[in-house]
Undergrad: 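Take this structure first; my questions come after.
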Amino acid sequence: QVQLVESGGGLVQAGGSLRLSCAASVRTFRSYAMGWFRQAPGKEREFVATVNWSGGRTYYADSVKGRFIISRDNAKNTVYLQMNSLKPEDTAVYYCAADSSSSYSASEGEYDYWGQGTQVTVSS
């Protein structure tokens, strides 16, 4: 069983930055690919970014490419999402997820474990 706990959400003005963290309670963290997803009010959950087990490969949704950076620290069992140049349309609950296949995927169905989410609100 993997427990994921997100932190770092909050209220920020448009153009600002936030860094989300997701701490995993598992000894074999490096065995998992990790992803970030988000769900805005009234919308379905959507893919944001993913990173493979080593951190050497990443993939982003077009809507965040060039503004968000996903990274991981396997020594700390933590994955991060650095969000820059935030826009009001980035407002959502952000979830981290773990994929036991260790590759990386934009498909929600590939992920085995999910955190509870952290709210990000971007004001205009």
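Positions are given from 1, in the same order as the sequence printed here. The figures here come from the full heavy-atom set of this structure, side chains too, leaving out hydrogens, waters and symmetry mates.
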Undergrad: What closest approach, in Å, do A24 and F29 show between heavy atoms, and which atom pair accounts for it?
TA: CB-CD1, 3.5 Å

Undergrad: Any donor-acceptor pair under 3.5 Å linking the side chain of Y60 with the backbone of I70?
TA: yes

Undergrad: Are the side chains of M83 and Y94 in touch, meaning some heavy atoms are under 4.5 Å apart?
TA: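 Yes. Closest side-chain heavy atoms under 4.5 Å.
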
Undergrad: Decide if atom CD of Q119 counts as having more than 12 heavy atoms of other residues, nucleotides or ligands within a radius under 6.0 Å.
TA: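 Counting neighbours around CD of Q119, more than 12 heavy atoms of other residues, nucleotides or ligands fall under 6.0 Å, so yes.
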
Undergrad: Can you check whether T121's main-chain N or O pairs, donor with acceptor, with T91's side chain at less than 3.5 Å?
TA: no

Undergrad: Please give me the minimum heavy-atom distance between S124 and P88, naming the atom from each residue.
TA: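 Residues S124 and P88, closest heavy atoms: CB-CG, 3.8 Å.
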
Undergrad: Can you tell whether the side chains of K87 and D90 come within less than 4.0 Å, N to carboxylate O?
TA: no

Undergrad: I need the full list of disulfide (SG to SG under 2.5 Å) pairs touching residues 26-96, with sequence neighbours left out, sorted by first then second residue.
TA: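 The answer is C22-C96.
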
Undergrad: For the atom pair NZ (K43) and CD (E89), what is the distance rounded to the nearest 0.5 Å?
TA: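 Atom-to-atom, K43:NZ and E89:CD are 8.5 Å apart.
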
Undergrad: Are more than 12 heavy atoms, taken from residues, nucleotides or ligands other than Y59, located less than 6.0 Å from that residue's OH atom?
TA: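 Count not over threshold, so no.
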
Undergrad: Supply the atom-to-atom distance L20 CG to T78 OG1, rounded to the nearest 0.5 angstrom.
TA: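 Here the rounded value is 12.5 Å.
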
Undergrad: Taking only residues at least two apart or on different chains, which pairs with a member in residues 1-25 satisfy side chain to side chain donor-acceptor pair (under 3.5 Å)?
TA: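 Matches after skipping sequence neighbours: S17-N84.
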
Undergrad: Is there side-chain contact between D73 and Y80, with at least one heavy-atom pair below 4.5 Å?
TA: yes

Undergrad: Quick one: OG on S103 to CG on N52, what's the gap to the nearest 0.5 Å?
TA: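 The distance works out to 8.5 Å.
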
Undergrad: With a 4.5 Å cut-off on side-chain heavy atoms, are V2 and D112 touching?
TA: no

Undergrad: Do F68 and L81 have side chains that approach each other closer than 4.5 Å (heavy atoms only, starting at C-beta)?
TA: yes

Undergrad: Side chain of N77, backbone of V26: donor and acceptor closer than 3.5 Å?
TA: yes

Undergrad: Are R72 and W53 in a cation-pi setup, meaning NZ or CZ lies under 6.0 angstrom from the ring centre and within 45 degrees of the ring axis?
TA: no

Undergrad: Taking all heavy atoms of G8 and all of L18, pick out the closest pair and write down the distance.
TA: O-CD2, 3.8 Å

Undergrad: With no hydrogens and no angle check, just 3.5 Å: does a side-chain donor-acceptor pair link S101 and Y111?
TA: no

Undergrad: Could you walk me through whether F37 and E46 pass the side chain to side chain contact (heavy atoms under 4.5 Å, CB included) test, one step at a time?
TA: CA-CA 5 Å; F37 292 76; E46 65 176 4; over 6 Å; no

Undergrad: Distance-only, no hydrogens or angles: does the D99 side chain make a donor-acceptor pair with backbone N or O of M34 under 3.5 Å?
TA: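 The answer is no, because no donor-acceptor pair under 3.5 Å joins these two groups.
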
Undergrad: Distance alone, cut at 3.5 Å: any donor-acceptor contact between the side chains of S107 and S105?
TA: no

Undergrad: Check whether NZ of the Lys or CZ of the Arg R38 lies under 6.0 Å from the centre of the six-membered ring of F47 and within 45 degrees of that ring's axis.
TA: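 No - R38 does not lie over the ring of F47 by the 6.0 Å and 45° rule.
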
